[in-house]
Amino acid sequence: MHLDPFELHRPTSVDETVGLAAELAGRFDYLAGGTDLLPNYKMHLNLRPHLIALEDVGELTGHELGRIGAMERLADLERDPAFLAAYPGLADAVGEVATPLVRASGTVGGNLLVETRCFFFNQSYFWRESLGFCLKADGDRCHVVPQKERCYATFSGDLAPALIVLGAEVELAGREGRRRLPLLDLYDAGGDGIRRTRLAPGEVLVAVHLPPSARGLKGRYKKLRVRPSFDFPELGVAVAGRWDGARVDRLRVAVGGVEPRPCAFDDLTEPLSGRPLSDERLRDLGEAIAKRLRPVHNTFLLPDYRRRMIGVYVRRAISEAREGSAG
Ligand SMILES: Cc1cc2nc3c(=O)[nH]c(=O)nc-3n(C[C@H](O)[C@H](O)[C@H](O)COP(=O)(O)OP(=O)(O)OC[C@H]3O[C@@H](n4cnc5c(N)ncnc54)[C@H](O)[C@@H]3O)c2cc1C
Ligand code: SF4
């Protein structure tokens with residue numbers, strides 16, 4: 001496996017970045033830490049001849065309690081104990097991404113926009129060629145759910161569920177100007193699974209914004225994976241809420257590592273507000289969430305096992321969040 005040549009561009013402002021993106025329309029990718037994109041390029045997955053590096057765009061760096069620049073490295077967040085204490089579930093998720101080496105380069109923006117994964121996709125060119133490729137790269141059919149319309153590759157970023165339960169918004173910049181939208185809405189629920197976000201062509205992710213109400217929520221992120229020191233999530237459950245004795249308020253749950261995008265369940269958790277969260281209610285909530293999700297056989301663990309673990313992980317995450325200290 002090798003990297004084919006590409007032309008590297010190094011803008012220094014957001015305006016210059018989106019200007020370059022317009023010039024190179026359809027022929028470039030943004031490059032953040034490169035820990036996801038470059039391994040995919042080495043496997044010849046959807047190569048582009050130009051890369052726009054975001055490293056020198058000052059506005060994309062830095063973090064404080066209410067804002068995280070898209071180019072903040074995961075290691076930058078790990079080095080800030082006050083930030084981690086304010087968001088305990090997010091702290092769990094950051095520490096669960098890959099290895100310290102990957103977190104030293106990998107960014108928050110890259111994590112939110114990480115390519116979806118499937119064992120028919122994350123393979124060398126020759127491996128994929130031997131099967132006639134697939135819909136997501138170079139081919140016209142899906143090997144997981146046989147048809148030619150939709151890709152079922154799994155969203156496997158750890159940070160998105162943990163940020164969604166905090167009510168995070170993303171700030172985007174494009175040729176038309178800036179816009180903000182809830183992080184959950186960044187992911188395209190109606191898409192074909194190949195186009196995985198609602199980013200307009202050339203739009204760049206500038207920052208993640210966290211509302212003041214997110215501070216001091218109790219939270220937890222629980223991740224199921226094969227090798228605990230290394231692997232992408234086979235299931236990731238994030239919860240955040242406020243407890244007053246046994247009563248819960250503003251409980252939110254989001255799940256990643258199962259569907260082609262992260263999913264939230266506010267319609268199931270809002271009716272629980274102000275009520276004691278008994279073991280029975282907790283079990284019912286876990287079962288209701290599991291019923292909504294449809295893992296397919298495209299990662300290491302079998303879908304039936306991943307599905308059965310959803311309820312277990314929801315119960316564990318909520319119980320541990322309740323016991324944990326608020327930030
Ligand atoms: C061995 C290994 C293990 C891993 N394990 C995990 C894991 O357990 N959990 C996990 O979540 N991830 C994992 N990853 C994936 C990856 O390392 C992380 O998700 C990382 O945070 C990605 O960030 P990056 O800056 O390197 O992204 P890049 O690779 O630079 O970019 C990823 C994608 O996002 C786009 N992009 C990046 N920034 C922007 C922006 N600001 N605006 C618009 N588009 C942008 C890029 O064009 C690209 O499509 C792993 C990677 C490796 C190599
Ligand atoms: S789910 Fe289907 S189309 Fe998508 S990457 Fe896997 S095999 Fe390809």
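We count ligands from 1, going down the list as the structure has it; atoms in each ligand are counted the same way.
The protein heavy atom nearest to atom 51 (C) of ligand 1 is Phe232 CZ, 3.8 Å. Counting only heavy atoms of the protein, atom 42 (N) of ligand 1 lies nearest to Leu205 N, 2.9 Å. Counting only heavy atoms of the protein, atom 28 (P) of ligand 1 lies nearest to Gly34 N, 3.5 Å. The protein heavy atom nearest to atom 49 (O) of ligand 1 is Arg196 NH2, 3.8 Å. What sits closest to atom 32 (C) of ligand 1 on the protein, heavy atoms only, is Gly110 O, 3.8 Å. The protein heavy-atom contact nearest to atom 1 (C) of ligand 1 is Phe230 CZ, 3.5 Å. Among protein heavy atoms, the minimum distance from atom 9 (N) of ligand 1 is reached at Asp158 OD2, 2.7 Å. Counting protein heavy atoms only, atom 44 (N) of ligand 1 is closest to Leu113 CD1, 3.2 Å.
Aromatic ring orientation, His9 versus His50: tilted (interplanar angle from 30° to 60°).
Ionic pairing of Arg180 and Glu171 is not present here: no N-O contact between side-chain nitrogen and carboxylate oxygen is shorter than 4.0 angstrom. Classification of Glu203 and Arg179 as a salt-bridged pair holds, one side-chain N sitting under 4.0 Å from a carboxylate O. Note on Asp56 versus Arg10: salt bridge recorded, some NZ/NE/NH1/NH2 to OD/OE distance being below 4.0 Å. Between Asp267 and Arg292, at least one side-chain nitrogen of the basic residue sits less than 4.0 Å from a carboxylate oxygen of the acidic one, meeting the salt-bridge criterion.
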CA sep, side-chain torsions, deciding dist, call: Asn40, Asn122, side chain to side chain contact (heavy atoms under 4.5 Å, CB included): CA-CA 7 Å; Asn40 286 347; Asn122 301 105; 3.8 Å; yes
Please evaluate residues Leu65 and Arg215 with respect to the criterion side chain to side chain contact (heavy atoms under 4.5 Å, CB included), reporting the C-alpha separation (whole Å), side-chain torsions for both, the decisive distance (0.1 Å), and the verdict. CA-CA 8 Å; Leu65 282 185; Arg215 288 168 219 164; 3.8 Å; yes
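Atoms of the protein (N, O or S only) found under 2.8 Å from atom 2 (Fe) of ligand 2 are Cys142 SG.
Across Asn111, Val170, Leu159, Leu199, heavy-atom proximity to atom 11 (O) of ligand 1 is greatest for Asn111. Comparing heavy-atom distances from atom 26 (O) of ligand 1 across Leu112, Thr197, Leu172, Thr35 singles out Thr35 as nearest.
Checked against the 6.0 Å centroid threshold, Phe155 and Tyr187 count as a close aromatic pair. Ring-centre distance between Phe120 and Phe133: not below the 6.0 Å cut-off. Between Phe121 and Phe119, the ring center distance fails the sub-6.0 Å criterion. In this structure, His143 has its ring center no closer than 6.0 Å to that of His297.
Against a heavy-atom cut-off of under 4.0 Å, Lys223 is close to the following atoms of ligand 1: 7 (C), 8 (O), 9 (N). For ligand 1, the atoms lying closer than 4.0 Å to a non-hydrogen atom of Val102 are 17 (O). Atom numbering of ligand 1 starts at 1 in the shown order; those under 4.0 Å from a heavy atom of Leu74 are 21 (O). Of all the atoms in ligand 1, the ones that sit under 4.0 Å from a non-hydrogen atom of Gly157 are 11 (O). For ligand 1, the atoms closer than 4.0 angstrom to any heavy atom of Ser156 are 9 (N), 10 (C), 11 (O). Distances below 4.0 Å separate heavy atoms of Ala32 from the following atoms of ligand 1: 25 (O), 30 (O), 37 (C), 38 (N). Every atom of ligand 1 with a heavy atom of Leu37 under 4.0 Å away is listed here by number and element: 29 (O), 48 (C), 49 (O).
An N or O contact shorter than 3.5 Å links Gly33 to ligand 1 by distance. Checked by distance only, ligand 1 and Thr107 come closer than 3.5 Å through their nitrogen or oxygen atoms. Considering backbone and side-chain N/O atoms, Ser105 never comes within less than 3.5 Å of an N/O atom of ligand 1. At a 3.5 angstrom cut-off on N or O pairs, Val204 does not count as close to ligand 1. For a threshold of 3.5 Å applied to N or O pairs, the pair formed by Leu38 and ligand 1 contains no separation below that value. In terms of polar-atom proximity, Ala98 is counted as a contact of ligand 1, with an N or O under 3.5 Å from an N or O of the ligand.
For the 3.5 Å distance criterion, the side chains of Asp80 and His63 qualify, holding a donor opposite an acceptor. No donor-acceptor contact under 3.5 angstrom links the side chains of Asp4 and Tyr41, judged on distance only. Between the side chains of Thr12 and Glu16, at least one donor N or O sits under 3.5 Å from an acceptor N or O.
Residue Lys222 comes nearest to Glu320 through the heavy atom pair NZ-OE2, 3.1 Å, listed as atom of the first residue, atom of the second, then distance. The two atoms that bring Arg175 and Ala22 nearest to each other are NE-CB, 3.7 Å, heavy atoms only.
Side chain of Arg117 to backbone of Thr299: no donor-acceptor contact under 3.5 angstrom is found. Judged by distance alone, with hydrogens and angles left aside, the side-chain atoms of Lys42 form no donor-acceptor pair with the main-chain N or O of Leu37 at under 3.5 Å. A donor-acceptor distance shorter than 3.5 angstrom exists from the side chain of Arg195 to the backbone of Thr197, with no hydrogens or angles considered.
For the ligand labelled ligand 1, residue Glu72 lies outside the 4.0 Å heavy-atom shell. Taking 4.0 Å as the cut-off, Arg73 does not count as a neighbour of ligand 1 on heavy-atom distance.
A side-chain hydrogen bond (donor to acceptor under 3.5 Å, both in side chains) with Thr116 holds for exactly one of Glu259, Lys136, Arg196; it is Lys136.
Counting heavy atoms closer than 4.0 Å to ligand 1, residue Asp231 contributes backbone atoms (N, CA, C, O) but none from C-beta onward. Counting heavy atoms closer than 4.0 Å to ligand 1, residue Ala70 contributes side-chain atoms (C-beta onward) but none from N, CA, C or O. Only side-chain heavy atoms of Leu54 come within less than 4.0 Å of ligand 1; its backbone N, CA, C and O stay farther off.
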